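None of these values were measured; they are calculated from a predicted model.
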Amino acid sequence: MLFEKQMQVDGDTETYELHPNIKLYALKDVGFQVSNAGNYTLERSVDPTSPYNKNQMLKVTVAKDLSGFKMATTNASGNRRINIFKGPHATENVEQYHFILQNLMDREILQKK
């Protein structure tokens with residue numbers, strides 16, 4: 001998947017884009033890790049009961065030059081996209097998902113389109 005200017009997670013009605021004031025130190029402050037390719041990657045569990053239960057995860061990758069990003073909700077291994085807005089635990093998972101995204105918006109990493 002290529003880096004995009006705007007992204008929408010499967011099932012979400014909101015579209016997000018990189019904040020124009022994004023800074024590298026803000027990425028590191030919230031837990032982004034530098035990949036082998038030099039991009040910045042964040043993986044967070046959307047399970048509100050435990051951050052260590054990684055059945056469903058939010059993955060955000062920002063290009064090393066801050067020109068675009070990728071964002072998806074995936075299964076634990078990260079090889080299959082999932083829709084966290086459906087299923088028996090959707091309400092709790094979506095609440096945690098929005099909490100994570102709100103933190104990224106507060107730090108001027110992402111913004112709603």
Side-chain angles (χ1 to χ4, degrees):
M1 178 170 38
L2 297 175
F3 291 105
E4 302 286 340
K5 297 288 185 193
Q6 302 171 2
M7 292 293 299
Q8 185 175 24
V9 169
D10 295 340
D12 195 354
T13 58
E14 298 288 343
T15 301
Y16 297 91
E17 61 187 6
L18 288 178
H19 196 284
N21 297 335
I22 189 170
K23 304 282 189 257
L24 289 177
Y25 67 82
L27 294 173
K28 293 177 183 177
D29 284 350
V30 296
F32 278 82
Q33 301 292 316
V34 180
S35 70
N36 290 339
N39 300 316
Y40 297 89
T41 304
L42 178 74
E43 295 181 0
R44 291 286 184 259
S45 171
V46 294
D47 184 344
T49 60
S50 172
Y52 305 108
N53 185 1
K54 297 187 176 191
N55 291 334
Q56 298 176 339
M57 299 183 48
L58 171 65
K59 295 179 110 177
V60 181
T61 304
V62 178
K64 60 185 166 188
D65 61 359
L66 307 178
S67 62
F69 74 113
K70 299 186 258 187
M71 182 169 68
T73 49
T74 67
N75 62 354
S77 62
N79 62 3
R80 185 172 57 97
R81 296 177 115 190
I82 59 170
N83 184 345
I84 63 167
F85 291 82
K86 295 181 180 178
H89 302 290
T91 303
E92 298 88 4
N93 290 346
V94 169
E95 184 178 350
Q96 183 68 14
Y97 162 78
H98 284 131
F99 177 79
I100 295 166
L101 287 179
Q102 186 60 51
N103 184 36
L104 296 177
M105 288 187 285
D106 291 346
R107 301 296 223 114
E108 296 185 341
I109 295 170
L110 294 180
Q111 67 181 8
K112 288 184 181 178
K113 171 88 171 93

Give me the atom names and distance for the closest heavy-atom approach of [X] to [Y].
{"X": "Glu92", "Y": "Pro48", "value": "CB-CG, 3.4 Å"}
{"X": "Thr41", "Y": "Ser35", "value": "OG1-CB, 4.2 Å"}
{"X": "Thr74", "Y": "Ile82", "value": "O-CD1, 3.4 Å"}
{"X": "Ala63", "Y": "Phe3", "value": "N-CE2, 3.7 Å"}

Supply the atom-to-atom distance [X] [atom1] to [Y] [atom2], rounded to the nearest 0.5 angstrom.
{"X": "Lys23", "Y": "Ile109", "atom1": "NZ", "atom2": "CD1", "result": "11.5 Å"}
{"X": "Ile84", "Y": "Gln56", "atom1": "CD1", "atom2": "CD", "result": "7.0 Å"}
{"X": "Asp47", "Y": "Met57", "atom1": "CG", "atom2": "CE", "result": "11.5 Å"}
{"X": "Glu4", "Y": "Thr15", "atom1": "CD", "atom2": "OG1", "result": "11.5 Å"}
{"X": "Phe69", "Y": "Leu27", "atom1": "CZ", "atom2": "CG", "result": "12.0 Å"}
{"X": "Leu101", "Y": "Gln96", "atom1": "CG", "atom2": "CD", "result": "10.5 Å"}

[X], [Y]: one ILVMFWY side-chain cluster at the under-4.5 Å cut-off?
{"X": "Leu66", "Y": "Val34", "answer": "yes"}
{"X": "Val46", "Y": "Tyr16", "answer": "yes"}
{"X": "Leu18", "Y": "Leu24", "answer": "yes"}

Legend entry - Other residues, nucleotides, ligands: >12 heavy atoms within 6.0 Å of His89 NE2: no

Inset, instruction - Please confirm whether the backbone N or O of Arg80 pairs with a side-chain atom of Asn75, one donor and one acceptor, at under 3.5 Å? - result: yes

Legend entry - side-chain hydrogen bond (donor to acceptor under 3.5 Å, both in side chains) contacts in which one or both residues fall within residues 97-113, not counting sequence neighbours: Asp12-Tyr97, Glu17-Gln111, Gln102-Asp106

Inset, instruction - Given side-chain hydrogen bond (donor to acceptor under 3.5 Å, both in side chains), test Asp65 with Ser67 step by step and report yes or no. - result: CA-CA 5 Å; Asp65 61 359; Ser67 62; 2.6 Å; yes

Legend entry - Thr73 vs Asn93 side-chain heavy atoms within contact, under 4.5 Å: no

Inset, instruction - Would you mind reporting whether Leu110 and Met71 have side-chain heavy atoms less than 4.5 Å apart? - result: yes

Inset, instruction - Output every pair passing salt bridge (charged side-chain N to carboxylate O under 4.0 Å, His left out) with a member in residues 35-46, not counting sequence neighbours, ordered by first then second residue. - result: Glu43-Lys59

Legend entry - Residue pairs, two or more places apart or on separate chains, that pass ring-ring contact (aromatic ring centres under 6.0 Å, His included) and touch residues 22-46: none

Legend entry - The single option from Leu58, Val62, Leu104 passing side chain to side chain contact (heavy atoms under 4.5 Å, CB included) against Leu42: Leu104

